[in-house]
Amino acid sequence: MKNKILVTGGAGYIGSHTCIALHEAGYDIVVYDNLSNSSKEAINRVSTLIGQPIEFVKGDIRDAESLKQVFSAHQFFGVIHFAGLKAVGESVAKPLLYYNNNVSGTITLLEVMASHGVKNLIFSSSATVYGDPETLPIDEKSKRSCTNPYGQSKLTVEHILEDLAVSDASWSLIALRYFNPVGAHPSGQIGEDPNDIPNNLMPYISQVAVGKLDKLNIFGNDYPTVDGTGVRDFIHVTDLAQGHVAALNYLEGQSHSEKNSVEKKPSIGFLPINLGSGKGTSVLELVSAFTVITGKNIPYQFADRRAGDIASCYASADKAKALLEWEAKLSISDVCQDTWRWQSMNPQGYNIS
Ligand code: NAD
Ligand code: UDP
């Protein structure tokens, strides 16, 4: 068995897929989640898929006492920190909730990590920290700026991690900036299960396909893009999950060389890395790929641009390839096929009652 990892937010969409990838890579995991945006059923299904129970603690990252108990009970190599709220619109309506949950919660987690001597962290950041990019593809040196409280909470945590790395060289803090995570596990057993009407494109399309929603509104057809609709970098969630395993391997590589070499290698400090496919796909291209792959017609109409949206956003994935030896392998066809398998097998998501 390899090192033990604490996975905060491990019951959520990206976390549940990453738990499987971590298990397959031989890691021992403990999931810590308050289930505020997820279901225990996701954990049950991950357990079934990996063929053994997952160690699960229901707890909040803002609850230092609860975290301390978990850190006292286990010897963790590091933390993969998914726990956070992620709805942009809700963050505009409830900024204090978002700063409290995402920023204060992360500070509490870092304090408990420090007091237990656990200094390796992989943090879920987002391409949203780049705001409206000046150049494409977006590399990690691009200017950062955000326009909504959700994005600000991610950027603020990045600044905190940078300051922490400067203050104490023993921290290794990787911020993985995800582009647009989509798709589902090929088993069809786990996937994205949004509360209410989805805000994001892919779950919206799949809910139209399954008959839960009438038609898709495409926000804007006058962008300076290939067909006038927005362009994004859609990354399959199982590729994303592998990106976390690669980041963990990289952290371990650094700490092993520290132990073995006479000249002590410095820790990683703060390291931001994009996780994207490096390819841009327009909204219309995604809709048409979904129809071709699934045979499902997706009725749509053009609507006004959505406030705050940008025309195009896609990653330079070179740094992930060079440092982590990771790159996206799955295609838009895989994304559509796997999303549809999950949606058609689970029309009500995890709500099985
Ligand atoms: P998700 O909502 O499915 O998962 C987040 C999990 O964190 C949920 O299970 C939720 O219950 C838990 N959680 C939230 N606040 C918590 C708290 N205070 N204490 C304990 N648990 C808490 O979201 P996801 O799509 O899996 O995203 C995971 C992370 O990646 C988030 O931090 C998100 O901001 C970030 N991210 C997501 C996307 C995306 O499009 N899905 C893009 C970029 C970054
Ligand atoms: N989009 C759309 N209709 C929807 C949801 C999204 O046309 O119902 C568009 C949106 O304007 C953007 C793209 O799809 O151009 C991706 O949006 P999403 O919310 O999935 O991701 P983000 O905007 O955060 O990149």
Side-chain angles (χ1 to χ4, degrees), residues 7-18 31-40 42-43 57-63 66-67 80-89 91 97-98 100-106 108-109 122-129 148 150-151 153-154 157 175-182 190-195 197-205 207-208 213 215-221 223 225 228-235 237 240-241 244 275-276 280-284 286-287 300-314:
V7 185
T8 75
Y13 171 45
I14 305 169
S16 55
H17 289 81
T18 303
V31 170
Y32 186 89
D33 198 304
N34 66 0
L35 300 180
S36 60
N37 195 39
S38 51
S39 155
K40 183 75 201 311
I43 294 292
V57 179
K58 186 172 178 201
D60 196 296
I61 52 165
R62 293 164 294 181
D63 183 346
S66 164
L67 278 174
I80 303 186
H81 177 32
F82 294 106
L85 297 174
K86 62 168 182 176
V88 172
S91 80
L97 173 66
Y98 271 67
N100 182 253
N101 198 80
N102 295 2
V103 180
S104 302
T106 301
T108 302
L109 172 67
I122 296 173
F123 168 64
S124 297
S125 190
S126 167
T128 194
V129 301
N148 59 69
Y150 167 69
S153 76
K154 292 290 171 192
V157 169
L176 296 178
R177 295 178 180 151
Y178 313 149
F179 279 67
N180 289 61
V182 284
I190 58 168
E192 188 169 12
D193 182 20
N195 290 329
I197 297 173
N199 295 309
N200 297 114
L201 180 61
M202 193 73 237
Y204 204 105
I205 291 175
Q207 292 199 10
V208 171
L213 296 167
K215 63 165 98 109
L216 172 70
N217 285 305
I218 296 185
F219 301 137
N221 61 349
Y223 284 111
T225 60
T229 64
V231 165
R232 295 293 183 273
D233 183 334
F234 297 100
I235 169 93
V237 67
L240 202 61
H244 292 77
L275 290 186
T281 302
S282 77
V283 174
L284 275 177
L286 186 64
V287 170
Y300 65 81
Q301 65 189 14
F302 292 114
D304 289 345
R305 290 183 179 192
R306 186 171 64 179
D309 269 2
I310 56 175
S312 297
C313 171
Y314 52 92

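Just so it is clear, the values below take in all heavy atoms, side chains as well, and ignore hydrogens, waters and symmetry mates. For ligands, and for the atoms within them, numbers begin at 1 and follow the listed sequence.
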| query | What is the closest protein heavy atom to atom 16 (C) of ligand 2, and at what distance does it sit? | reply | Arg232 CG, 3.7 Å

| With a 4.5 Å limit on heavy-atom distance, are the side chains of Arg232 and Leu286 in contact? | no

| query | Where the closest heavy atom to atom 6 (C) of ligand 1 is concerned, which of Pro181, Ser104, Gly9 has it? | reply | Gly9

| field | Structural part of Asp309 in contact with ligand 2, heavy atom criterion under 4.0 angstrom | value | side chain

| field | Other residues, nucleotides, ligands: >12 heavy atoms within 6.0 Å of Phe302 CZ | value | yes

| field | Residue and atom name of the nearest protein heavy atom (relative to atom 24 (P) of ligand 1), distance in Å to one decimal | value | Lys86 NZ, 3.7 Å

| field | Region of Asn180 that comes within reach of ligand 2 [heavy atoms, distance under 4.0 Å] | value | side chain

| query | Do you know which two heavy atoms are closest between Tyr178 and His244, and how far apart they sit? | reply | OH-NE2, 2.6 Å

| task | Could you tell me whether Asp304 atom CG has more than 12 heavy atoms of other residues or ligands within 6.0 Å of it? | result | no

| Once you round to the nearest 0.5 Å, how far does OG of Ser38 lie from CG of Asn195? | 9.0 Å

| query | What distance separates Leu213 CG from Ile197 CD1, expressed to the nearest 0.5 Å? | reply | 6.0 Å

| query | Which protein non-hydrogen atom lies closest to atom 37 (C) of ligand 1, naming both residue and atom, and how far is it? | reply | Ile14 CD1, 3.8 Å

| Just by modelled atom types, is the Gly9 backbone N or O under 3.5 Å from a matching donor or acceptor in the Tyr32 side chain? | no

| Distance filter under 4.0 Å to Gly230 heavy atoms, resulting ligand 2 atoms | 15 (O)

| said: Quick check: Tyr13 and ligand 1, any N/O pair under 3.5 Å apart? | reply: yes

| Side chain Asp33, main chain Ala11, donor-acceptor under 3.5 Å | yes

| field | Distance-minimising heavy-atom pair for Thr229 and Val283 | value | OG1-N, 3.3 Å

| said: Within ligand 2, which atoms have a heavy atom of Arg306 less than 4.0 Å away? | reply: 5 (C), 6 (C), 10 (C), 17 (O), 18 (P), 19 (O), 23 (O)

| request: Report the member of Ile61, Thr18, Asn37 with the shortest heavy-atom distance to atom 19 (N) of ligand 1. | output: Ile61

| query | When the aromatic ring centroids of His17 and Phe82 are compared, is their separation below 6.0 Å? | reply | no

| query | Got the closest protein heavy atom to atom 18 (P) of ligand 2, with its distance? | reply | Asn200 ND2, 3.5 Å

| So which bit of Leu35 gets within less than 4.0 Å of ligand 1, heavy atoms only: side chain, backbone, both or neither? | backbone

| query | Taking N or O atoms only and a 3.5 Å limit, does Ser38 qualify as a polar contact for ligand 1? | reply | yes

| Heavy atom under 4.0 Å from ligand 2: found in Thr229's side chain, backbone, both, or neither? | neither

| request: Name the closest protein heavy atom to atom 4 (O) of ligand 1, giving the residue it belongs to and the distance to 0.1 Å. | output: Gly12 CA, 3.4 Å

| note | Looking only at protein heavy atoms, what sits closest to atom 5 (C) of ligand 1 is Gly84 O, 3.8 Å

| said: Please state which option from Leu201, Ile197, Asn217 has its nearest heavy atom closest to atom 3 (N) of ligand 2. | reply: Asn217

| query | Below 3.5 angstrom, do we get any N/O pair linking Phe82 and ligand 1? | reply | yes

| When you measure from atom 4 (C) of ligand 2 to each heavy atom in Phe219, Tyr204, Tyr300, Phe234, which option holds the nearest one? | Phe219

| said: Using a 4.0 Å cut-off to any heavy atom of Ser36, which atoms of ligand 1 qualify? | reply: 10 (C), 11 (O), 13 (N), 14 (C), 15 (N)

| field | Part of Lys154 with heavy atoms under 4.0 Å of ligand 1, whether side chain, backbone, both or neither | value | side chain

| said: Test of understanding: given a 4.0 Å heavy-atom threshold, classify the contact between Val283 and ligand 2 as side chain, backbone, both, or neither. | reply: side chain

| query | Are any side-chain N or O atoms of Tyr223 and backbone N or O atoms of Ile310, one a donor and one an acceptor, separated by less than 3.5 Å? | reply | no

| task | Go through ligand 2 atom by atom and flag the ones less than 4.0 Å from a non-hydrogen atom of Asn199. | result | 5 (C), 19 (O)

| query | Is a side-chain donor or acceptor of Tyr13 paired with a backbone partner of Ile190 at a separation under 3.5 angstrom? | reply | no

| Nearest-0.5 Å distance that lies between atom OG1 in Thr8 and atom CG in Asn34 | 10.0 Å

| request: Between Gly151, Ser125, Ser124, flag the one that comes closest to atom 44 (C) of ligand 1 by a heavy atom. | output: Ser125

| task | Nearest 0.5 Å please: distance from the CG atom of Asp233 over to the OG1 atom of Thr281. | result | 7.5 Å

| note | Closest heavy-atom pair, Thr108 versus Leu67, reported as atoms and distance to 0.1 Å, is CG2-CD1, 4.3 Å

| remark: Counting heavy atoms under 4.0 Å, the part of Asn101 that contacts ligand 1 is side chain

| remark: Atoms of ligand 1 under 4.0 Å from any heavy atom of Gly59, numbered from 1 in the order shown, are 19 (N), 20 (C)

| said: I'd like the name of whichever of Asp33, Asn34, Asn195 reaches closest to atom 16 (C) of ligand 1 through any heavy atom. | reply: Asn34

| Is Ala83 in polar range of ligand 1, meaning some N or O pair under 3.5 Å apart? | no

| request: For atom 34 (O) of ligand 1, grab the closest protein heavy atom and report residue, atom and distance to one decimal in Å. | output: Tyr150 OH, 2.7 Å

| query | What closest approach, in Å, do Gly228 and Thr225 show between heavy atoms, and which atom pair accounts for it? | reply | N-OG1, 3.0 Å

| field | Spacing of OG belonging to Ser153 relative to CG belonging to Asn148, to within rounding of 0.5 Å | value | 8.5 Å

